[in-house]
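What you are looking at is a predicted structure, and each value in this text was computed from that prediction instead of being measured. Numbering of residues begins at 1 and proceeds along the displayed sequence.
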Amino acid sequence: MTGKVNSELVISVLNGLAGDYLHTSGNALSIDMACYHKGCLVDLSRDIASQVSSPLTNRVVVLVHGLTNLETVWQFPSAPDGQASMDARDYGSLLQTEFGFTPFYLRYNTGLSIEENGRQFSRLLEQLNASYPQQIEDLMLIGFSMGGLVQRVAQAVAKHEGARWLTRLRQCFYLGTPHEGAPLERIGHLTSAVLASVPREYISHW
């Protein structure tokens, strides 16, 4: 499991630095936005209850990671032996235990523009709201760093499009979100420009 997590972290970093190039070039390393639960992909077109290990509640929290991260950023520190575990308690599971929230974790290509990720996130939340087996009464969003900007754009898109999920939203939290912009984003665009000049077969080999 640790090897898989490490390789996924490498891919998430690559997406954070050059995700727009990977996406537009159709590279297999480009991350598609999706919901995860305890490290497993949740297919919103299928029965959600059968894919989630704990009982579903009408309170839902979606945790949104930041630039170059994965949903593993929400985990508590690793066990003493240094082995990270997808079953380890994290902030989502703590919200479930103490407040009855069913946690979902967003994974997405952080190298795409914040606007594009926000549009995709709004569509995903609309699908989650429609396919959830019971009516969501209390939706909470927690965004770390750039994740907070993505959830801000998602709300603006939802308001413009009249998305139903926005009527379920009760609370938003922004942890270390650069609401006025960050220089690291400009570095990512520069990296994308450099990679765009590299022959595609080399990127595909990576």
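Listed for the Thr57 side chain is a donor-acceptor partner under 3.5 Å among the backbone atoms of Gly100. In this structure, Arg170 contributes its side chain and Thr167 its backbone to a donor-acceptor pair below 3.5 Å. Side-chain atoms of Arg168 never come within 3.5 Å of backbone atoms of Asn129 as a donor-acceptor pair (strictly under, hydrogens ignored). Using modelled atom types, no side-chain atom of Thr177 and backbone atom of Met146 make a donor-acceptor pair closer than 3.5 Å. In this structure, Thr97 contributes its side chain and Ser93 its backbone to a donor-acceptor pair below 3.5 Å. Within the 3.5 Å criterion, the main-chain N or O of Trp165 finds a donor-acceptor partner in the side chain of Glu126. Using a distance-only test at 3.5 Å, with no hydrogens or angles considered, a donor-acceptor pair links the side chain of Ser131 to the main chain of Gln127. Checking side-chain atoms of Gln151 against main-chain N and O of Gly143 turns up a donor-acceptor pair under 3.5 Å.
Neither side chain, Thr110 nor Thr68, offers a donor N or O lying under 3.5 Å from an acceptor on the other. The closest side-chain donor-acceptor pair between Ser54 and Gln96 falls under 3.5 angstrom.
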Would you please test Arg119 and Glu116 for salt bridge (Lys or Arg N to Asp or Glu O under 4.0 Å) and show each step? CA-CA 5 Å; Arg119 285 191 290 270; Glu116 174 58 26; 3.0 Å; yes
Take Ile142 and Tyr91, measure what side-chain contact (heavy atoms from CB on, under 4.5 Å) needs, and give me the verdict at the end. CA-CA 10 Å; Ile142 302 178; Tyr91 292 100; over 6 Å; no
Using the side-chain contact (heavy atoms from CB on, under 4.5 Å) rule, take Gln135 and Asn58 through it: C-alpha gap first, then chi angles, then the decisive distance, then the call. CA-CA 6 Å; Gln135 182 169 289; Asn58 61 3; over 6 Å; no
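With a 6.0 Å radius and a threshold of 12 heavy atoms from other residues, nucleotides or ligands, Arg164 has its CZ atom at or below the threshold. Annotation for Tyr36: atom OH counts as buried by contact number, over 12 foreign heavy atoms lying within 6.0 Å.
Residues Gln155 and Leu166 meet the side-chain proximity criterion, which asks for heavy atoms closer than 4.5 Å. Side-chain contact between Phe76 and Leu94 is present, with at least one heavy-atom pair separated by less than 4.5 Å. Residues Val62 and Leu139 form a side-chain contact, since some pair of their non-hydrogen atoms from C-beta on lies under 4.5 Å apart.
Put simply, the residue from Asn15, Asp32, Asp20 that forms a side-chain hydrogen bond (donor to acceptor under 3.5 Å, both in side chains) with Asn109 is Asn15.
When all heavy atoms of Ile11 and Leu29 are compared, the closest pair comes out as CG2-O, 3.4 Å. Minimum heavy-atom separation, Leu44 to Leu124: CD1-O, 3.8 Å. For the pair Asp138 and Arg59, the tightest heavy-atom approach, listed with the atom from each and the gap, is OD2-NH2, 2.9 Å. Across Ala163 and Ser122, no two heavy atoms sit closer than the pair CB-OG, 4.4 Å. Closest of all the heavy-atom pairs between Ala34 and Leu41 is CB-CD1, 3.3 Å.
By the rule that hydrophobic residues join a cluster once side-chain heavy atoms approach within less than 4.5 Å of another member, Val64 and Tyr174 end up as members of separate clusters. Grouping the Ile, Leu, Val, Met, Phe, Trp and Tyr side chains by contacts below 4.5 angstrom, directly or via other members, places Leu112 apart from Leu149. Residues Met33 and Leu141 fall within the same hydrophobic cluster, defined by Ile, Leu, Val, Met, Phe, Trp and Tyr side chains chained together at heavy-atom separations under 4.5 Å.
Taking the six-membered ring for Trp and the full ring otherwise, the centers of His65 and Tyr105 sit at least 6.0 Å from each other.
The OH atom of Tyr108 sits 13.0 Å away from atom SG of Cys35, with the distance rounded to the nearest 0.5 Å. Residue Leu14 holds its CG atom at 10.5 Å from OH of Tyr21, rounded to the nearest 0.5 Å. Note that CD1 of Ile48 and OG1 of Thr102 are 10.0 Å apart. Values are rounded to the nearest 0.5 Å.
Ring geometry for Phe144 against Trp74 counts as perpendicular: the plane angle is over 60°, on a 0 to 90° scale with 30° as the lower cut. Ring geometry for His37 versus Phe104: interplanar angle of 30 to 60°, hence tilted.
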